[in-house]
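To start, the structure itself, in structure tokens.
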Amino acid sequence: MEKQTNDTILFRNTMAYDLPNAGKFKQAIYKAVEFAKENAPQLMVQVFIDEEQQLAYSFQLYRSSDDILEHWKISDKNIGEVMKYCEVKSLEVYGNPSKEVIDGILGSVGNDKVSFTPGLVGFHRFP
């Protein structure tokens, strides 16, 4: 079988937050997602909260590495506000990001919390 990839990249980010800041954390998430919906290039953003474990799971789908770089550039303020109230426990990256994106992730999150899984085959129905 021949390997078929596209440029689509999926992030799964697991974040831990503390109970005293749960409200501020959620508010920062709402604001960041609303900003992304209106201004950023993601095809999809979904955030799930496990209040019992005090964990949040963010899924973000991008068309390409260029879209990730654009998101970082325009959303830095919102990302910073979210990160004031949480700690990244793990970041899973699915797809084939550019070296610039890989370096940016490793520089921000660190080697010990990140995994990269190359794409093999798939499709999506988004425009």
Side-chain angles (χ1 to χ4, degrees):
M1 257 193 256
E2 187 176 320
K3 180 178 175 181
Q4 299 176 2
T5 63
N6 57 34
D7 291 334
T8 304
I9 300 165
L10 177 67
F11 286 178
R12 178 185 186 257
N13 186 6
T14 302
M15 299 163 281
Y17 63 94
D18 62 349
L19 202 50
N21 288 313
K24 292 176 184 176
F25 174 67
K26 289 178 186 177
Q27 189 61 35
I29 291 281
Y30 280 115
K31 185 176 178 182
V33 171
E34 188 60 31
F35 179 86
K37 181 179 177 183
E38 298 298 322
N39 301 289
Q42 290 99 319
L43 295 171
M44 179 272 297
V45 175
Q46 291 289 315
V47 180
F48 302 89
I49 297 283
D50 180 342
E51 290 183 348
E52 188 174 303
Q53 299 294 318
Q54 294 173 239
L55 294 172
Y57 304 93
S58 169
F59 294 83
Q60 297 185 40
L61 183 63
Y62 298 89
R63 260 186 225 70
S64 66
S65 290
D66 289 341
D67 282 358
I68 295 168
L69 296 172
E70 178 67 16
H71 165 64
W72 290 346
K73 184 173 128 182
I74 67 173
S75 301
D76 189 51
K77 178 182 173 189
N78 291 303
I79 294 168
E81 187 65 22
V82 170
M83 297 312 297
K84 284 178 13 182
Y85 305 109
C86 69
E87 174 190 347
V88 174
K89 299 304 272 182
S90 66
L91 176 61
E92 299 168 22
V93 180
Y94 299 92
N96 304 301
S98 68
K99 180 173 177 0
E100 187 175 3
V101 168
I102 291 170
D103 291 347
I105 290 169
L106 294 176
S108 175
V109 179
N111 291 359
D112 60 330
K113 296 181 181 181
V114 179
S115 67
F116 294 95
T117 304
L120 177 64
V121 65
F123 73 95
H124 56 78
R125 298 190 194 279
F126 298 110

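Model, not experiment: these values are computed from the prediction. For the numbers below, each heavy atom of this structure counts, side chains included, while hydrogens, waters and symmetry mates do not.
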### Task
Could you walk me through whether D18 and E87 pass the side-chain contact (heavy atoms from CB on, under 4.5 Å) test, one step at a time?
CA-CA 9 Å; D18 62 349; E87 174 190 347; over 6 Å; no
Heavy-atom pair with the smallest gap, counting every atom of [X] and [Y]:
X    : Y   : answer
V101 : W72 : O-CH2, 3.6 Å
P97  : V93 : CG-CG1, 4.0 Å
S65  : N96 : OG-O, 4.3 Å

Are the side chains of [Y] and [X] in contact, using a 4.5 Å heavy-atom criterion?
X   : Y   : answer
T8  : Y62 : no
M44 : L10 : yes
N78 : K31 : yes
F35 : I74 : yes

### Query
Does the pair K26/E51 count as a salt bridge with the N-to-O cut at 4.0 Å?
yes
### Query
Using 4.0 Å as the upper bound for N to carboxylate O, is an ion pair formed by K84 and E81?
yes
Out of curiosity, [X] [atom1] to [Y] [atom2], how far, rounded to the nearest 0.5 Å?
X    : Y   : atom1 : atom2 : value
M15  : I49 : CE    : CD1   : 7.0 Å
F59  : T14 : CZ    : OG1   : 7.5 Å
I9   : I68 : CD1   : CD1   : 4.0 Å
R12  : Q46 : CZ    : CD    : 14.0 Å
E100 : D66 : CD    : CG    : 8.5 Å
C86  : N13 : SG    : CG    : 7.5 Å

### Query
Going through the checks in order, is the side-chain contact (heavy atoms from CB on, under 4.5 Å) test met by F116 and L106?
CA-CA 11 Å; F116 294 95; L106 294 176; 3.9 Å; yes
### Query
In the single-linkage hydrophobic clustering (I, L, V, M, F, W, Y; side-chain heavy atoms under 4.5 Å), do F48 and Y94 co-cluster?
yes
Can any side-chain N or O of [X] pair as donor or acceptor with the backbone N or O of [Y] at less than 3.5 Å?
X    : Y   : value
Q54  : Y17 : yes
S75  : H71 : yes
K113 : V88 : yes

